[in-house]
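None of these values were measured; they are calculated from a predicted model. In what follows, every chain begins at residue 1, and chains take the letters A, B, ... in the order their sequences are listed.
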Number of protein chains: 2
Amino acid sequence: MRYRREEIVVRALEVLDAYGLADLTMRRLGTELGVQPSALYHHFANKQTLLAAMADELLRRASWPAEGEWVDRTVAICSVLRDQLLAYRDGAELVATVHSFGLGGGEPVDLLEKALAEGEIGELAPTAVRTLLHFVYGHAVDEQTHLQAAEVGAIGDAPREGDSGDDFAVGLSIVVAGIQVIRATRP
Amino acid sequence: MRYRREEIVVRALEVLDAYGLADLTMRRLGTELGVQPSALYHHFANKQTLLAAMADELLRRASWPAEGEWVDRTVAICSVLRDQLLAYRDGAELVATVHSFGLGGGEPVDLLEKALAEGEIGELAPTAVRTLLHFVYGHAVDEQTHLQAAEVGAIGDAPREGDSGDDFAVGLSIVVAGIQVIRATRP
DNA sequence: ACCTGAACACCGTTCAAGT
DNA sequence: ACCTGAACACCGTTCAAGT
């Protein structure tokens with residue numbers, strides 16, 4: 001069987017969702033595709049590049065909000081991002097890992113930059129975007145870890161004080177409120 | 001040679017600082033200690049437990065601020081935390097990783113909880129602490145990745161718009177300002 | 001262009017046995 | 001209590017050779 005790059009990414013996302021990031025090995029993916037692991041290196045320079053392509057594809061599959069006032073849109077983009085990260089097993093860890101080795105977070109980053117540009121916070125926009133992303137990625141990774149730990153069996157695992165979606169909403173409102181404050185008090 | 005748990009952690013932190021997290025393997029650490037890798041399993045149940053002990057020790061070595069008004073103290077704790085993460089090669093990634101598999105972030109978490117308790121934000125305190133930690137860990141991991149990439153040789157690597165310490169200060173002020181806002185508008 | 005087969009240089013972890 | 005030796009079941013990646 002012969003594959004194109006895009007088909008491999010699609011299959012890799014299926015393997016991720018079914019078995020998790022730890023079991024997404026080049027060897028396992030090769031087996032799943034009926035191909036030697038070394039064949040994958042014809043399509044991707046290394047595993048990192050494959051993971052980056054997977055993260056981009058995962059993010060591309062969401063429906064991103066493009067309308068509304070900049071504050072509402074910022075909140076909406078972050079919420080869709082979180083939902084999309086949680087929609088795939090280890091999705092948050094995948095995207096956070098790819099982001100951490102500096103390969104750009106795909107579509108949501110551009111959208112957040114545009115939204116904050118409209119907010120007229122000027123030179124502070126890049127910092128604000130990164131602050132939002134740190135929150136969303138960090139929160140989603142935490143949440144996914146706990147959700148999956150609960151599934152496995154350590155269920156009495158500190159079930160969070162309030163509602164769990166609520167915690168995200170409150171944390172996000174903290175960051176967004178902070179952005180509005182520095183917008184008002186900027187030089 | 002025979003070792004105690006604490007000596008192994010100290011040596012492991014030296015290996016981390018000298019060679020980085022990717023090269024901190026049980027085999028390498030064994031070699032460094034003049035011992036078989038399997039000997040380490042007499043002291044630690046697995047590698048995760050060792051990493052958690054390393055993170056705790058790394059954080060324990062900072063001088064944590066204990067005085068001042070709650071807002072100032074919150075900012076001070078986060079700044080010391082960031083400095084301490086950056087003080088060891090891959091220190092941010094180590095602590096973030098340990099945190100991500102749910103093993104408690106050591107001293108700074110307790111200190112932040114106390115500071116925010118004094119801020120009288122009530123039930124929102126845990127959310128606020130986590131939001132701060134997501135920012136500090138995320139920012140420090142990013143910064144350390146870029147610093148180390150620059151050291152290696154990809155030096156023209158997007159040198160950040162403003163000063164680099166400044167970016168942390170601005171991001172932190174966003175989160176702290178946001179905490180003060182929800183404090184003022186809480187039910 | 002895409003894949004095989006085989007190898008290289010590693011991993012974390014377990015476990016009987018030693019002192 | 002602490003360690004050795006050997007094994008188990010894996011990794012990512014390279015590279016000549018095949019079609």
Side-chain angles (χ1 to χ4, degrees), chain A residues 1-16 18-55 89-90 93-94 96-98 100-103 145 148-149 152 154, chain B residues 1-16 18-55 89-90 93-94 96-98 100-103 145 148-149 152 154:
Chain A
M1 263 179 241
R2 315 209 125 196
Y3 291 96
R4 302 154 184 281
R5 204 183 145 94
E6 265 314 306
E7 300 176 276
I8 293 170
V9 171
V10 169
R11 284 296 230 114
L13 279 173
E14 288 167 12
V15 173
L16 176 77
Y19 305 102
L21 192 55
D23 287 339
L24 178 77
T25 66
M26 298 301 264
R27 288 162 187 273
R28 169 137 216 168
L29 181 56
T31 303
E32 213 78 19
L33 290 162
V35 117
Q36 293 290 326
S38 52
L40 299 171
Y41 289 86
H42 188 78
H43 303 275
F44 301 93
N46 47 49
K47 192 179 179 181
Q48 275 196 3
T49 309
L50 168 62
L51 294 175
M54 291 172 64
R89 159 118 88 133
D90 290 337
E93 207 187 325
L94 170 71
T97 299
V98 167
S100 90
F101 49 71
L103 286 168
T145 302
Q148 285 169 183
V152 169
Chain B
M1 260 179 244
R2 315 210 125 194
Y3 292 95
R4 303 155 183 280
R5 207 182 142 93
E6 266 312 307
E7 301 176 275
I8 293 171
V9 171
V10 170
R11 285 293 232 120
L13 279 173
E14 289 167 11
V15 173
L16 176 76
Y19 305 101
L21 192 56
D23 288 340
L24 179 77
T25 66
M26 298 301 264
R27 288 162 186 271
R28 167 138 216 167
L29 181 56
T31 303
E32 212 78 19
L33 290 163
V35 120
Q36 294 288 325
S38 52
L40 299 171
Y41 290 85
H42 187 78
H43 304 276
F44 300 93
N46 47 48
K47 192 179 180 181
Q48 276 195 4
T49 309
L50 168 62
L51 293 175
M54 290 172 64
R89 159 118 88 131
D90 290 335
E93 207 188 324
L94 169 72
T97 300
V98 166
S100 90
F101 47 72
L103 287 167
T145 302
Q148 285 167 183
V152 169

Restricting to non-hydrogen atoms, name the atom on A/L50 and the atom on A/A12 that form the minimum distance, rounded to 0.1 Å. CD1-CB, 4.4 Å
Using a 6.0 Å cut-off, check whether atom CZ of A/F44 has over 12 heavy atoms from anything other than its own residue. yes
Give the rounded distance in Å between these two atoms: CG of B/D23 and C1' of C/dG12. 15 Å
Whole-Å C1' distance, D/dA9 and C/dC10: 14 Å
Rounded to whole Å, please give me the gap between CG in A/L24 and C1' in D/dC10. 15 Å
Qualifying residue, where the test is side chain to side chain contact (heavy atoms under 4.5 Å, CB included) with B/V15 and the options are B/D23, B/L33, B/L21, B/L29: B/L29
Partner nucleotide, any strand, of D/dC10 [Watson-Crick/G-U, under 3.5 Å]: none
Separation of A/H43 atom NE2 from D/dT13 atom C1', in whole Å? 16 Å
Which atom pairs link the protein and nucleotides 4-7 of chain D when you take only N or O atoms and keep those under 3.5 Å?
{"from": "D/dT4", "atom 1": "OP2", "to": "B/Q36", "atom 2": "N", "distance (Å)": "2.7"}
{"from": "D/dG5", "atom 1": "O6", "to": "B/S38", "atom 2": "OG", "distance (Å)": "2.7"}

Under 6.0 Å from the six-membered ring centre of A/Y19 and within 45° of its axis: does the NZ or CZ of A/R89 meet both? no
Rounded interatomic separation in angstrom, taking NE2 from A/H42 and C1' from D/dT14: 15 Å
Given atom CZ of B/R28 and atom P of C/dC10, what is their separation to the nearest angstrom? 10 Å
Without swapping roles, check the side chain of B/R5 against the backbone of B/H43 for a donor-acceptor pair under 3.5 Å. yes
So CD of B/E93 and OG1 of B/T145: to nearest 0.5 Å the spacing works out to 6.5 Å
Residues passing the side chain to side chain contact (heavy atoms under 4.5 Å, CB included) test with A/Y41, sequence neighbours excluded, are A/M26
Strictly by Watson-Crick or wobble contacts shorter than 3.5 Å, is anything paired with C/dC3, and which nucleotide is it? none
Give the nucleotide from the list C/dT13, C/dC3, D/dT13 with an atom nearest to the side chain of B/K47. C/dT13
Integer-rounded Å distance: D/dC2 P and B/R4 CZ: 8 Å
Rounded to whole angstrom units, what separation is found between the CG atom of B/L33 and the C1' atom of D/dC2? 13 Å
In whole angstroms, how far is the C1' atom of D/dC11 from the CG atom of A/L29? 14 Å
Who is the Watson-Crick or G-U wobble partner of D/dA17, with both distances under 3.5 Å? none
From C/dG12, C/dA1, D/dA1, nucleotide with atom closest to B/T25 side chain: C/dG12
